[in-house]
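Single-structure report; data block below.
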2 protein chains.
Amino acid sequence: MDVKSTLLIAAERLFDRHGFTATGVDRLTAAAGMSSRTLYKHAGGKTALIAAVLTERDRRFMRRLDVRSVDALFAALEDWVRVEGARGCLFLRAHGETGGATPEIAEVVMGHKAALRARIAEIVAVDVGDGEDAALAEQILILLEGATAAAVYRGPEAVAAARAAAGVLVAKARA
Amino acid sequence: MDVKSTLLIAAERLFDRHGFTATGVDRLTAAAGMSSRTLYKHAGGKTALIAAVLTERDRRFMRRLDVRSVDALFAALEDWVRVEGARGCLFLRAHGETGGATPEIAEVVMGHKAALRARIAEIVAVDVGDGEDAALAEQILILLEGATAAAVYRGPEAVAAARAAAGVLVAKARA
DNA sequence: GGAGATGTAAAACGTACGTTTTACATTTCA
DNA sequence: TGAAATGTAAAACGTACGTTTTACATCTCC
């Protein structure tokens with residue numbers, strides 16, 4: 001595997017498990033098995049590395065959410081939580097740790113959330129039919145965010161509960 | 001106002017707006033208008049200060065959630081978001097920044113979440129009647145967490161959407 | 001009036017931060 | 001063959017961290 005990928009994988013793991021600010025460059029280089037010189041050559045700096053990690057995570061996460069029904073959406077999230085664990089939305093965590101004051105990071109975070117919202121709107125449109133139901137899409141988004149947050153202390157069960165709630169809302173929208 | 005309260009208020013504001021790790025003791029003392037010697041005398045240290053800030057916030061937040069219906073619960077959250085702003089759950093943010101590795105902090109966070117869950121169970125029991133509906137309470141919890149998270153980028157509208165969704169779920173539980 | 005508590009201001013503690021530099025080894029490829 | 005590219009190891013950059021210490025100014029109240 002190439003150097004950049006090795007770095008991104010190691011960095012994502014450390015950022016996710018220990019936080020962004022708390023993870024120093026020394027720990028990143030040690031985990032990725034490379035010198036700081038190489039890290040700076042490939043990533044540019046710590047801020048750019050965080051942005052790159054988030055960009056890559058966005059790709060990986062959105063690929064998993066390539067589904068055609070609301071129920072499948074929550075099934076995919078449940079899979080994600082079981083495989084990746086639940087430490088809260090990494091994008092919102094990055095945004096919170098930086099106070100939204102780092103444009104390079106804030107941009108990736110807001111881009112991801114916009115894409116997520118758009119994806120959910122698509123899924124709802126396909127699943128419920130009948131044009132677009134903006135209110136329902138917003139509610140599904142909130143259930144997804146809530147499941148992600150609550151899974152930190154409630155585990156995958158939180159996603160199952162969100163899935164059931166979404167089922168009720170979708171059924172009502174279809175009626 | 002006494003020194004401790006001044007410190008806690010200033011610290012909560014800085015932690016919330018800029019993150020816990022990113023906020024240094026120098027900035028805390030400057031904002032609170034006191035020397036570091038005084039800060040250490042009253043708070044013990046930065047970790048203990050974070051725990052104290054969270055403990056105080058738990059009191060303040062739970063006092064606001066002293067309501068008797070699910071709809072009033074989300075109305076209270078909407079008030080909170082409009083007054084305090086929406087930067088994500090401060091407890092989960094603290095937990096994420098420390099990787100859950102600081103017992104003093106993890107304890108307050110988990111205590112708060114347990115209290116929140118219990119409070120919601122009470123509200124649901126009173127509002128829906130018919131004994132306790134554990135599944136519904138879990139769904140309301142997830143909507144509340146989701147509204148808190150989504151409000152970061154969707155604003156107070158997210159809480160209104162969660163409120164509407166909760167209304168549907170409660171109506172169905174009553175039927 | 002004087003002891004004790006409570007505060008400030010400022011320097012210093014050692015450590016760790018993000019980043020750059022120096023010096024050198026290895027690989028790539030015209 | 002030899003120069004460019006790509007890597008490591010390690011030291012150094014200045015800054016900021018959390019914390020403690022020293023020295024001094026106020027208050028409070030018996």
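Hydrophobic clustering (side-chain heavy atoms under 4.5 Å, transitive across Ile, Leu, Val, Met, Phe, Trp, Tyr) groups Leu169(A) together with Val67(A). With hydrophobic clusters built from ILVMFWY side chains whose heavy atoms lie under 4.5 angstrom apart, Phe20(A) does not share a cluster with Ile9(A). Tyr40(A) and Val3(A) fall within the same hydrophobic cluster, where Ile, Leu, Val, Met, Phe, Trp and Tyr residues are linked whenever their side-chain heavy atoms come under 4.5 Å apart, directly or through other members.
Contact annotation for Thr23(B): backbone-only contact, meaning every heavy-atom pair under 4.0 Å involves sugar-phosphate atoms and none involves a base. If you check every strand for non-hydrogen atoms under 4.0 Å, Thr29(A) touches nothing.
Two residues, Thr47(B) and Gly33(A), neighbour DNA chain D, and the one matched to the more 5' nucleotide by heavy-atom proximity is Gly33(A).
With distances taken from any side-chain atom of Ser36(B) to the nucleotides dT19(C), dG18(D), dT20(D), the minimum falls on dT20(D). Here the side chain of Val25(B) is nearest to one of dT19(D), dG7(D), dT8(D), namely dT19(D).
Atom CG in Asp26(B) sits about 13 Å away from atom C1' in dA9(C), given to the nearest Å. As a whole-Å value, the separation of Met34(A) CE from dT26(C) P is 19 Å. Rounded to whole angstrom, the span from the CZ atom of Phe20(B) across to the P atom of dG18(D) amounts to 13 Å. Across the protein-nucleic acid pair, Leu7(A) atom CG and dT6(D) atom P stand 16 Å apart, rounded to whole Å. The separation between Arg27(B) atom CZ and dC17(D) atom P is 7 Å, rounded to whole Å. Per the geometry, NZ belonging to Lys46(A) stands 12 Å off C1' belonging to dT19(C), to the nearest Å.
For His95(B), there are no side-chain hydrogen bond (donor to acceptor under 3.5 Å, both in side chains) partners, not counting sequence neighbours.
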**Study point:** side-chain contact (heavy atoms from CB on, under 4.5 Å) evaluation trace for Arg68(B) with Ile123(B)
**Key:** CA-CA 5 Å; Arg68(B) 268 148 204 85; Ile123(B) 295 169; over 6 Å; no

Practice item. Could you walk me through whether Thr21(A) and Glu97(A) pass the side chain to side chain donor-acceptor pair (under 3.5 Å) test, one step at a time? Key: CA-CA 7 Å; Thr21(A) 315; Glu97(A) 283 207 34; 2.7 Å; yes

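Atom-to-atom distance recorded for Arg57(A):CZ and Phe91(A):CZ is 6.5 Å, nearest 0.5 angstrom.
Between Arg60(A) and Glu12(A) a salt bridge is recorded (basic side-chain N to carboxylate O distance below 4.0 Å).
Relative orientation of the Phe61(A) and Trp80(A) rings is perpendicular, given thresholds of 30° and 60° on the angle between their planes.
Bending across the helix from dT19(C)-dA12(D) to dA30(C)-dT1(D), expressed as the angle between its end axes from five pairs apiece, amounts to 10° (10° rounding).
DNA chain C is contacted by Arg37(B), Thr38(B), His42(B) of residues 37-45 of chain B, taking any non-hydrogen atom closer than 4.0 Å.
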